[in-house]
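Quick caveat: nothing in here was measured; it's all calculated off a predicted structure.
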Amino acid sequence: MRIQLISSFLIRAGLCLALLGAGLGNRALGAPLPIIPQPVRARAGGAPFVLTGRTALHTGPGLAPGTAARFREYVRTVGHLALRPGAAGGPGAPAAAGIFLRLDARAVPQAEGYRLVVGPRGITLTGHDAAGVFYGLQTLSQLMPAGTGGPLRLPGCVVEDYPRFGYRGVHLDVSRHLFPVPVLKKWLDVLAFYKINTLHWHLTDDQGWRIEIKKYPRLQSVAAYRAETLIGHKKELPHRFDGQRYGGYYTQAEAREVVRYAAARHITVIPEIEMPGHALAALAAYPALGCTGGPYQTATFWGVFDDVYCAGNEATFSFLEGVMDEVAAIFPSRYLHIGGDECPKVRWQACPKCQQRMKDEHLPNEQALQSYFIRRISQHLATKNRRVIGWDEIMEGGLTPGATVMSWTGEQGGVEAAKLGHPVIMTPEKYVYLDYYQSLNPAEPLAAGGYTPLSKTYGYEPVPTGLSAAQAGYVRGVQANLWSEYLPTAGQAEYMLFPRVLALAEIAWSPRAARNLPAFLARTRRHEWRLRALGVATNRAYDQITDTLREGPRGLPLLELRTSAPGAEIHFTTDGQEPTVQSPRYLGPLPIARSGVVRAGQFGGGGPTQPLYSREFDINLATGKPVALAHPPAGNFAPPSPGRVLTNGVAGSARYNDGQWVGFSGLDLGATLDLGAPQRITVLGTNILCYFWQKMWAPTELVFSVSVDGVSYQDVYRQTDFPVNGINPVRATIAPVQARYVRVRGLNRGPIPAGAYGAGGKAWLLIDELLVN
């Protein structure tokens, strides 16, 4: 179903500006201004401006009448005041105190920049351009307190501000779960409030086609729907489904309304039409566009699928050109996103048409065929004065001239593209994927995986090291991505978006040197009521208790607890009981000398202020002992000091995002534990993580060996069966033996078998916690 979704004015304003500046003089800084993102320069001080029902809002020449409309609405909603209409420019503008908006590109030379002066006789906002005035009004809105209809005091200040990056984006996937137009408008309001200027709208994927294309009606009647939806996480076996048909799409009229609404808030909407992979929904509607001819069905499961657009079929390009013609007519953005990611080549390798295309075009391999595919689409879009942007896999086989790379798999794609002179948007999965967990608390709602707390996003630097100044100039901006597989409701999406979008806004707008996490968190807390006023939910997951495990005496773990919650005290227990305010207060690192569970809560004002913290320890002969690895771990499973992680007394969790797992990509496991002196051993153990849909495979064989001298080893236990989809505990009781060294060998599964996710690629082998008793 469809979604129901000013010449004398300037003289007087200039006089007001001079008087206000003089009034502020060189007064000492007041309290930090609660502005997000942090301005380039902000000086607080001087008498406030008092906003009343008599205050007029004057709009200078060159500014559209609607420039101040949203600010008026904000004042009406939050302050319960109606501003008087002021002069719209030209002779005879009143000289009364008020709010004066004007354009002056010489006074403010930076694009999107502004200068805001607040003093007792009025407020003057000067913008380089209309966007600068708009962003200055967002800052002014953030300075305004809540009110009940009475006078509102805005702090005296001077703010000079402009963005670090021209591209400041948030990605929203509506293919897996779609959100009504009113919800999108609400989110656009919030993005604009924090000076985000791009919405990357992910409209098509395997699980649904969400934009009306009049030339191809089956995209609406077939591709927009799936038969049912996965219940729970894709890693859980057996897979369960809800049995309910799901779908819908945005009409072209609705999409145009979203574009218009966004543009009024200086937000560009960039649509994404996925190709050549992630195409199952489209193939379900038009099976002749696939290599096998189908039949296909819109995917009901989350993942990557082998069936993609046939690159050897001319009808594929006719179809996509027709689609992009209609998309280009709806979206005026200079860039159109064509995806390009996660395209398996299995079908192309077996497809006569694709192989003939490679022969005709003298293409050496299927990677070059993908480059050919992207280049053809790019050339068509160039006839409409549009340019392509795609995920970093569009670099496979050679980067299309003029293409912009969105680097998501890490930073390397962005680095390579910048060195080639291509524009880059940094959006690495590890730092800015907002569908990842924002806390490690077991009560967190279901998420895709990974761990991206607010502090991690805030600490991300979009310009990678190793680039020259000229190359760094190709990094045009940064983007946070929200994928919706596990976000069936708008409320759940908001929980994941906010407040992490505020961190993205600050790293995209503010000078790098201005970043300060404690100050940012303080401002974020002060914005909670503003987010509620804008109609969105938020959370304080960032204030939950977190920990660090360090090496203490005798190599045993030393547990450090911390919280960013202001004024909170941490109280803990080690006896299995729930902590109360009467429990011991945490005053410093806790040495862990025996197995058990540490529980902690933060207290202030008479009760716990956040979910309880819990950490289980298993202290055994291996704890704290050194481990030598035969091969280096990789990717997200290469923690600092991986050998120590294997013996820190803490087992990795089923969410695999806690930094406890050590993983080997395509390589065997070889770990040698040194107990320091011969010990009598009767029990050996570890844990193996197996999730096929995350490319995590158990070893084909796991062997424990022991040695007294580190030279001659004796095999004492072998295991080849790992039946659990998840954590496989390995616990071996052996005949008593004296040994100083314990060696664990795991044979990697090798290439992932055909029919499994990531077929042909390298299997991960994940292990955590070596146990010896």
Side-chain angles (χ1 to χ4, degrees), residues 551 554-557 592-595 616-633 637 639 641-654 660-690 696-750 763-773:
E551 186 177 344
R554 297 181 290 114
L556 294 175
I592 308 297
R594 61 184 181 182
S595 299
E616 183 173 2
F617 291 89
D618 185 344
I619 307 301
N620 58 88
L621 294 178
T623 305
K625 302 301 190 298
V627 176
L629 297 175
H631 301 292
F637 306 108
S641 303
R644 292 296 185 187
V645 168
L646 289 173
T647 60
N648 64 5
V650 174
S653 72
Q660 295 299 320
W661 291 99
V662 177
F664 304 88
S665 178
L667 297 174
D668 295 338
L669 161 69
T672 302
L673 169 70
D674 183 356
L675 296 174
Q679 305 276 353
R680 183 176 185 270
I681 297 173
T682 59
V683 177
L684 296 169
T686 190
N687 300 307
I688 299 293
L689 185 61
C690 180
M696 302 171 185
W697 289 72
T700 56
E701 180 181 65
L702 187 75
V703 178
F704 281 90
S705 305
V706 297
S707 170
V708 173
D709 57 8
V711 177
S712 300
Y713 281 85
Q714 170 192 358
D715 293 349
V716 294
Y717 181 75
R718 184 184 311 269
Q719 183 167 322
T720 58
D721 185 27
F722 302 88
V724 178
N725 176 63
I727 298 176
N728 287 264
V730 177
R731 301 293 184 269
T733 300
I734 64 174
V737 61
Q738 287 288 121
R740 171 176 173 176
Y741 300 94
V742 176
R743 178 171 290 170
V744 186
R745 306 191 313 275
L747 187 61
N748 192 287
R749 179 63 176 77
W764 282 97
L765 194 167
L766 266 64
I767 183 174
D768 185 46
E769 213 54 26
L770 300 181
L771 307 171
V772 178
N773 279 312

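Nearest heavy-atom pair across C690 and W697 is SG-CA, 4.4 Å. Closest approach of R749 and A763 over heavy atoms only: CB-CB, 4.0 Å.
At a cut-off of 3.5 Å, with distance as the only test, a side-chain donor of S705 or R745 sits close to an acceptor on the other residue. Under the 3.5 Å distance criterion, with hydrogens and angles disregarded, no donor-acceptor pair is assigned to the side chains of N773 and R731. Residues Q660 and N648 have side chains that bring a donor and an acceptor to within less than 3.5 angstrom of each other.
At least one side-chain heavy atom of P699 sits less than 4.5 Å from a side-chain heavy atom of I688. In this structure, the side chains of P633 and W661 stay at 4.5 Å or more apart for every pair of heavy atoms. Contact check for M696 versus L766: side-chain heavy atoms found under the 4.5 Å cut-off. A heavy-atom distance below 4.5 Å is not found between the side chains of L771 and T686.
In this structure, the side chain of S595 engages the main chain of I619 through a donor-acceptor pair within 3.5 Å. Judged by distance alone, the side chain of S707 and the main-chain N or O of S712 form a donor-acceptor pair under 3.5 Å. At distances below 3.5 Å, not a single donor-acceptor pair connects side-chain atoms of D715 with backbone N or O atoms of R718.
Other residues, nucleotides and ligands place no more than 12 heavy atoms under 6.0 Å from the CD atom of E616.
One finds the CG atom of L673 at 9.5 Å from the CG atom of L684 (value rounded to the nearest 0.5 Å). Put simply, OG1 on T623 and CG on D618 are 6.5 Å apart, with the number rounded to the nearest 0.5 Å. Residue N728 holds its CG atom at 9.0 Å from CG of N687, rounded to the nearest 0.5 Å.
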Practice prompt. Give the intermediate values and the outcome of side-chain hydrogen bond (donor to acceptor under 3.5 Å, both in side chains) for residues D674 and T672.
Written response: CA-CA 7 Å; D674 183 356; T672 302; over 6 Å; no

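Aromatic ring orientation, Y717 versus F704: tilted (interplanar angle from 30° to 60°).
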